[in-house]
Colleague: 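Handing you this structure, nothing more for now.
Here the structure is a predicted model, which means the values were calculated and not measured. The sequence lines fix the lettering, A, B, ..., with proteins before strands; numbering per chain opens at 1.
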Amino acid sequence: MFRNQYDTDVTTWSPAGRLFQVEYAMEAVKQGSAAIGLRSKTHVVLACVNKANSELSSHQKKIFKVDDHIGVAIAGLTADGRVLSRYMRSECINYNYTYESPLPVGRLVVQLADKAQVCTQRSWKRPYGVGLLVGGLDESGAHLYYNCPSGNYFEYQAFAIGSRSQAAKTYLERRFQSFTDSTREDLIKDALIATRETLQGEKLRSSICTVAVMGVGEAFHILDQDNVQKLIDAFEIVGQDEAPAAEPDAAVPAEQGAPAEGGAGAGADAGAAPEVDVAPMDI
Amino acid sequence: MESNQANPSILCSPEGSQRTLYPYVTGTSVVALKYKDGILMAADMGGSYGSTLRYKSVERMKPIGKHSLLGASGEISDFQELLKYLDELVLYDNMWDDGNSLGPKEIHNYLTRVMYNRRNKFNPLWNSLVLGGVKNGEKYLGMVSMIGVNFEDNHVATGFGNHLARPILRDEWREDLSFEEGVKLLEKCMRVLLYRDRSAVNKLQIAKITGEGITISQPYSLKTFWGFSAFQNPTAGAEGSW
């Protein structure tokens with residue numbers, strides 16, 4: 001009957017020192033389709049997998065422009081993601097109005113985290129059910145942050161969130177040391193390959209992914225679908241040799257037919273769940 | 001005050017709020033210029049109560065954070081109010097402790113917004129401000145007026161300086177002015193102002209901002225010569241005009 005005594009309220013502690021509602025919110029991030037971010041010294045690339053809800057519908061947008069120098073990729077509740085993107089946009093505009101200069105990325109991320117934190121400490125609120133990869137440039141260089149529903153935030157060289165993001169993380173962990181000096185093109189390539197890793201059996205096509213770039217002298221923009229397809233085609237040739245070495249089980253299913261997407265999402269969550277005793281707040 | 005000014009009692013009902021209708025204690029011109037290594041700024045230390053030279057040691061140039069220097073003419077207490085805002089702003093900026101900091105451009109724009117906002121409330125801060133600074137090797141020099149008009153230039157001056165110093169600066173200013181040449185040029189401007197601006201006093205400071213930091217000089221006086229015949233008999237040749 002009672003699965004859990006301590007999860008009816010965000011502000012209620014479990015005796016083990018956990019906040020279950022907050023952890024459930026972070027579960028929502030894992031259920032969303034994958035989002036990936038990586039950065040070099042001069043560029044940040046965001047990528048995501050687009051999943052349509054049904055055969056009849058289009059997919060939802062998962063990458064948003066915040067300002068010329070900041071962009072965000074989300075996983076989880078898209079609606080919450082849009083609310084937070086709007087907040088970030090207005091913070092950027094207000095800062096720009098007052099100081100006529102771009103808002104430092106780190107500061108925006110702290111403000112965003114503070115906003116998320118408030119929802120974990122008020123009984124009449126709920127945490128945001130969305131994880132945000134915030135990429136941006138400022139006077140201290142290129143940055144990539146992950147903002148979590150718990151109000152925590154972390155800076156990364158490269159990161160992936162959402163369903164089956166572990167496969168992408170594995171790929172990125174193997175490669176991230178070279179990212180600092182990567183060219184823009186290599187960064188996009190790595191983003192696409194990491195995106196491919198999160199697909200189960202499906203072939204990477206421009207119709208199911210979005211890629212966005214920002215860099216020194218290059219304002220944030222989402223690459224258009226034709227160009228993404230061209231890049232995929234160009235990389236896939238090279239990728240054929242690399243992929244088996246990189247992730248043996250990722251390259252093989254690419255040939256097979258795509259399994260049902262809903263089932264795929266559920267599978268990823270089951271895979272991520274087992275660490276029961278670890279408070280996922282510290283990832 | 002003068003008959004050509006609107007009577008405040010007509011503008012405000014007795015129970016209505018009072019705004020700054022005229023300044024009380026004012027400072028006169030500030031002159032500033034870019035030179036080879038940064039910005040030089042000069043201002044005297046007089047504070048006039050109306051037309052009375054009431055205070056003689058008013059510091060009208062202050063450092064704002066690490067990269068900016070602010071000089072003000074006009075209402076002294078409004079300047080002090082502004083410094084309070086800026087102190088808080090810079091403190092808050094430092095507290096992020098993230099390697100980002102407000103540069104002169106940001107401060108200048110902030111001041112513009114504050115001044116324009118106050119004038120929109122019909123309660124202006126009665127100042128002309130000069131904002132100079134250096135950040136990342138980039139020199140910056142700009143001005144903001146009481147009503148929020150703002151611009152950047154290679155040399156600027158407020159108040160009487162606009163009429164008496166700017167023409168000199170236009171003639172003699174160069175991009176590659178050395179420190180000594182810059183100071184000399186500023187002193188030339190300040191001397192002219194001292195002679196012709198009745199609210200100027202012969203006690204001034206010169207401030208310097210470069211990539212290395214900010215220094216504001218001790219107060220000092222300029223050498224003057226009042227023996228010119230035009231000074232001894234100013235109405236000669238203009239009999240009956242006053």
Side-chain angles (χ1 to χ4, degrees), chain A residues 39-42 44 66-72 87-88 90-117 132 134-147 151-157 180 214-217 220, chain B residues 64-70 82 84-121 125 129 131-145 148-153 211:
Chain A
R39 69 179 165 100
S40 68
K41 252 183 230 152
T42 54
V44 187
V66 173
D67 201 344
D68 279 344
H69 68 300
I70 296 179
V72 59
Y87 168 75
M88 291 163 85
S90 90
E91 287 303 307
C92 281
I93 285 174
N94 286 336
Y95 190 93
N96 196 257
Y97 174 77
T98 313
Y99 301 109
E100 215 169 75
S101 71
L103 174 58
V105 191
R107 296 190 180 182
L108 178 64
V109 165
V110 172
Q111 285 181 276
L112 187 65
D114 289 352
K115 194 174 161 67
Q117 193 279 336
L132 300 99
V134 184
L137 288 121
D138 56 32
E139 58 179 290
S140 53
H143 297 283
L144 176 68
Y145 290 91
Y146 169 55
N147 270 74
N152 281 313
Y153 65 96
F154 308 89
E155 183 159 21
Y156 286 97
Q157 184 71 48
T180 319
M214 73 211 87
V216 174
F220 175 94
Chain B
I64 307 295
K66 282 199 176 78
H67 314 287
S68 313
L69 177 68
L70 178 66
L82 257 179
K84 212 171 71 183
Y85 297 160
L86 289 167
D87 262 353
E88 193 185 350
L89 188 77
V90 169
L91 179 67
Y92 191 66
D93 189 55
N94 281 143
M95 280 162 62
W96 282 97
D97 195 24
D98 61 354
N100 294 297
S101 59
L102 295 169
K105 174 171 161 284
E106 284 78 28
I107 302 284
H108 185 221
N109 199 253
Y110 172 80
L111 288 171
T112 303
R113 297 306 181 193
V114 171
M115 297 304 265
Y116 183 62
N117 180 253
R118 288 293 294 265
R119 88 115 214 200
N120 280 349
K121 291 176 177 161
L125 293 167
L129 303 167
L131 200 280
V134 181
K135 193 182 177 190
N136 303 328
E138 193 92 354
K139 287 176 265 184
Y140 189 95
L141 182 59
M143 257 189 70
V144 191
S145 83
V149 176
N150 65 296
F151 55 87
E152 280 178 64
D153 213 334

Colleague: In Å, rounded to the nearest 0.5 Å, how long is the span from CG of B:Asn150 to CD of A:Glu100?
Modeller: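 Answer for the CG-CD pair, B:Asn150 versus A:Glu100, is 8.0 Å.
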Colleague: Could you have a look at B:Asp93, B:Asn136, B:Ile107, B:Thr112 and say which one has the most heavy-atom pairs with chain A under 4.5 angstrom?
Modeller: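 The answer is B:Asp93.
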Colleague: Please report the shortest heavy-atom distance between A:Arg107 and B:Asn100, naming the atom on each side.
Modeller: NH2-O, 3.1 Å
Colleague: Answer yes or no: are there more than 12 heavy-atom neighbours, outside B:Tyr110 itself, under 6.0 Å from its atom OH?
Modeller: yes
Colleague: Of all heavy-atom pairs between A:Ser101 and B:Lys105, which one has the smallest distance, and what is that distance?
Modeller: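 Residues A:Ser101 and B:Lys105, closest heavy atoms: CB-NZ, 3.8 Å.
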Colleague: Ignoring hydrogens, what is the shortest heavy-atom contact between A:Asn96 and B:Asn109? Give both atom names and the distance.
Modeller: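 Scanning both residues, the minimum pair turns out to be O-OD1, 4.4 Å.
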Colleague: Less than 4.5 Å to any heavy atom of chain A: does that hold for the side chain of B:Leu111, its backbone, both, or neither?
Modeller: neither
Colleague: Heavy-atom count around A:Tyr87 OH within 6.0 Å, excluding the residue itself: above 12?
Modeller: yes
Colleague: Looking only at heavy atoms, which two atoms of A:Tyr97 and B:Arg113 are closest? And how far apart?
Modeller: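 Heavy atoms only, the tightest pair is O-NE, 2.8 Å.
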Colleague: Check the surroundings of atom CD in A:Glu155: do more than 12 heavy atoms from other residues, nucleotides or ligands lie under 6.0 Å from it?
Modeller: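 Yes, CD of A:Glu155 has more than 12 neighbouring heavy atoms, counting only those of other groups under 6.0 Å.
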Colleague: CG of B:Leu89 to OG1 of A:Thr98: how many Å apart, nearest 0.5 Å?
Modeller: 9.5 Å
